[in-house]
Amino acid sequence: QVQLVESGGGSVQAGGSLRLSCAVSGYDFSGGCMGWFRQAPGKAREGVATIDTDGTAFYADSVKGRFTISRDNTKNSLYLQMNNLKPEDTAMYYCAADPYKSARATMMDYPIKFSYLGQGTQVTVSS
């Protein structure tokens with residue numbers, strides 16, 4: 001049974017930073033891709049970043065230069081470092097994984113889709 005558990009969300013002021021973590025169990029890290037997406041109330045699901053097994057990463061234009069996705073295959077973990085946060089980054093953030101697709105292909109899906117996802121962690125950025 002695949003489980004993804006996010007942590008690290010919270011409330012910050014604009015310009016601040018947060019680091020999201022995702023602990024993964026029951027998932028084979030050797031294939032496919034992992035990523036983060038977000039969803040704000042009344043808005044569509046938005047892909048934030050995806051990463052392949054070799055560390056190749058893809059980002060939404062809205063977060064390029066501010067967010068960094070990384071993974072630690074030895075710890076079965078995924079991370080999202082978020083810097084210079086803006087009020088428009090406010091959303092529920094979800095950790096996700098897909099054993100069948102590449103990171104590039106996943107970021108090109110609209111709306112973004114993964115085979116597995118976590119429960120989400122709330123990020124709130126105030127101005």
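Counting only distance, with no hydrogens or angles, the side chain of R45 and the backbone of A40 share no donor-acceptor pair below 3.5 Å. Judged by distance alone, with hydrogens and angles left aside, the side-chain atoms of S77 form a donor-acceptor pair with the main-chain N or O of K75 at under 3.5 Å. Checked by atom type and distance alone, the side chain of Q13 never pairs as donor or acceptor with a backbone atom of S126 at under 3.5 Å. A donor-acceptor pair under 3.5 Å is absent between the side-chain atoms of Q3 and the main chain of V24, judged by distance alone.
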Checking side-chain contact (heavy atoms from CB on, under 4.5 Å) for the pair I69/R71: CA distance, chi angles, key distance, verdict?
CA-CA 7 Å; I69 188 172; R71 60 192 289 168; over 6 Å; no
side-chain contact (heavy atoms from CB on, under 4.5 Å) between M82 and L20: does it pass, once the steps are laid out?
CA-CA 8 Å; M82 305 185 294; L20 305 183; 3.7 Å; yes
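How far CE of M34 is from OH of Y79: 10.5 Å, rounded to the nearest 0.5 Å. We find the OG-CD distance between S70 and Q81 to be 8.5 Å, quoted to the nearest 0.5 Å. With rounding to the nearest 0.5 angstrom, the OG atom of S21 is 9.5 Å from the CG atom of L80.
The closest side-chain heavy-atom distance from I51 to L78 is below 4.5 Å. Using a 4.5 Å cut-off on side-chain heavy atoms (C-beta onward), E46 and Q39 make no contact. Between C95 and F37, the closest side-chain pair of non-hydrogen atoms is not below 4.5 Å.
Each of M107 and Y116 belongs to its own hydrophobic cluster when Ile, Leu, Val, Met, Phe, Trp and Tyr are linked at side-chain heavy-atom distances under 4.5 angstrom.
Heavy-atom minimum distance, S127 versus A14: CA-CB, 4.3 Å. Closest approach of C33 and A103 over heavy atoms only: CB-N, 3.6 Å. Of all the heavy atoms in C22 and L4, the pair that sits closest is SG-CB, 3.8 Å. Closest approach of G120 to M92, counting heavy atoms only: C-SD, 3.7 Å.
Crowding of Q122 atom CD: a count of heavy atoms from other residues, nucleotides or ligands under 6.0 Å exceeding 12. The environment of NZ in K113 is crowded: more than 12 heavy-atom neighbours from other residues, nucleotides or ligands sit within 6.0 Å.
Applying the side chain to side chain donor-acceptor pair (under 3.5 Å) test to pairs two or more places apart or on separate chains, those with a residue in residues 24-37 are D28-S30. Applying the side chain to side chain donor-acceptor pair (under 3.5 Å) definition to pairs two or more places apart or across chains, those involving residues 87-106 are R38-D89, R38-Y93, R66-D89, D98-S115, K101-D109. For residues 54-78, no residue pair satisfies the ring pair (Phe, Tyr, Trp, His ring centres under 6.0 Å) rule, not counting sequence neighbours.
The side-chain contact (heavy atoms from CB on, under 4.5 Å) with S11 is formed by just one residue from the set L18, V123, T124; it is T124. Between T56 and the choices D52, D54, T53, the side-chain hydrogen bond (donor to acceptor under 3.5 Å, both in side chains) rule is met once, by D54.
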